[in-house]
Amino acid sequence: MATIWPQAGNDALEVWHMRALWGSRAGRDYLSDALTLLAGWTREGRQIKRTLVIDDSQHAALTERIKVVADALHLQPEIRRLDGRTQIRLSPRDGDTITEGEVTLAARIEDAYRTVTSAG
């Protein structure tokens, strides 16, 4: 679970905001609300996805960070490397609807992406 403390990363407040949106108002499409906070992520059917242009070492570092968070959330993202791009797809295990967990993982991936690409 993300916190709003600074050491949790740049997106911690956004994750908290998404969690509040998810549970507070009835009758709205919270996935669309949450995706507006996640630049670069798109919804495709029952999944959300993101493509990143990063080098092989950044891909390896990002994949390791994603694995840690995904394991904690009990999620299994699909990550693949193709033509110098890292493709990430998040979909619910049961194949039903995207949950708060997938959106939270997407936010954590964004945080990890910024960390990996700014390291130098």
Side-chain angles (χ1 to χ4, degrees):
M1 161 135 8
T3 68
I4 58 171
W5 302 110
Q7 67 270 20
N10 297 335
D11 283 343
L13 187 56
E14 289 177 9
V15 171
W16 176 84
H17 179 66
M18 284 186 284
R19 292 177 66 85
L21 280 175
W22 208 279
S24 66
R25 290 179 264 159
R28 297 268 326 252
D29 182 1
Y30 297 108
L31 178 58
S32 295
D33 289 345
L35 285 175
T36 63
L37 298 174
L38 293 169
W41 287 86
T42 58
R43 183 178 186 173
E44 185 177 281
R46 295 181 180 156
Q47 65 183 0
I48 54 177
K49 65 180 187 170
R50 175 91 153 101
T51 300
L52 305 168
V53 179
I54 54 178
D55 65 32
D56 289 338
S57 64
Q58 291 169 327
H59 170 82
L62 180 64
T63 300
E64 286 301 313
R65 290 171 185 262
I66 291 172
K67 182 180 177 354
V68 170
V69 177
D71 286 349
L73 293 171
H74 305 287
L75 297 173
Q76 297 177 341
E78 178 186 327
I79 305 168
R80 64 183 239 188
R81 186 91 173 130
L82 183 64
D83 297 329
R85 296 180 187 331
T86 297
Q87 299 172 342
I88 305 165
R89 293 176 188 242
L90 307 177
S91 54
R93 276 193 204 174
D94 60 10
D96 191 21
T97 60
I98 296 170
T99 68
E100 176 184 354
E102 285 84 24
V103 175
T104 299
L105 180 54
R108 303 317 307 156
I109 290 170
E110 282 302 302
D111 191 39
Y113 169 65
R114 280 193 289 278
T115 300
V116 165
T117 57
S118 68

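We use all heavy atoms of the structure for the numbers below, so side chains are in, but hydrogens, waters and symmetry mates are not.
Residue R50 is tested with Q87, R89, E110 for a side chain to side chain contact (heavy atoms under 4.5 Å, CB included); the sole match is E110.
L75 and G101 get closest at one heavy-atom pair: CD1-O, 3.3 Å. What you find for P77 and L90 is that their closest heavy atoms are CB-CD2, 3.3 Å. Taking all atoms of both residues into account, the shortest heavy-atom contact from L38 to A107 is CD2-CA, 3.6 Å. Residues I98 and P92 approach most closely at N-CG, 4.0 Å, considering heavy atoms. Here the closest non-hydrogen pair linking I88 and W41 is CG2-CH2, 3.9 Å. Here the closest heavy-atom approach between residue T86 and residue H59 is recorded as OG1-ND1, 2.7 Å.
I109 contributes atom CD1, which lies 12.0 Å from atom CZ of R114 (distance to the nearest 0.5 angstrom). Atom NZ of K49 is separated from atom OG of S91 by 12.0 Å, given to the nearest 0.5 angstrom. Rounded to the nearest 0.5 Å, atoms CG (L73) and CG (L105) are 6.0 Å apart. Once rounded to the nearest 0.5 Å, the distance linking CD1 of I79 with CG of L52 reads 10.0 Å.
Salt bridge annotation for R81-D56: present, with a cationic side-chain nitrogen under 4.0 angstrom from a carboxylate oxygen.
A donor-acceptor pair is defined here as one N or O able to donate and one able to accept, closer than 3.5 Å; such a pair exists between the side chain of E102 and the backbone of T99.
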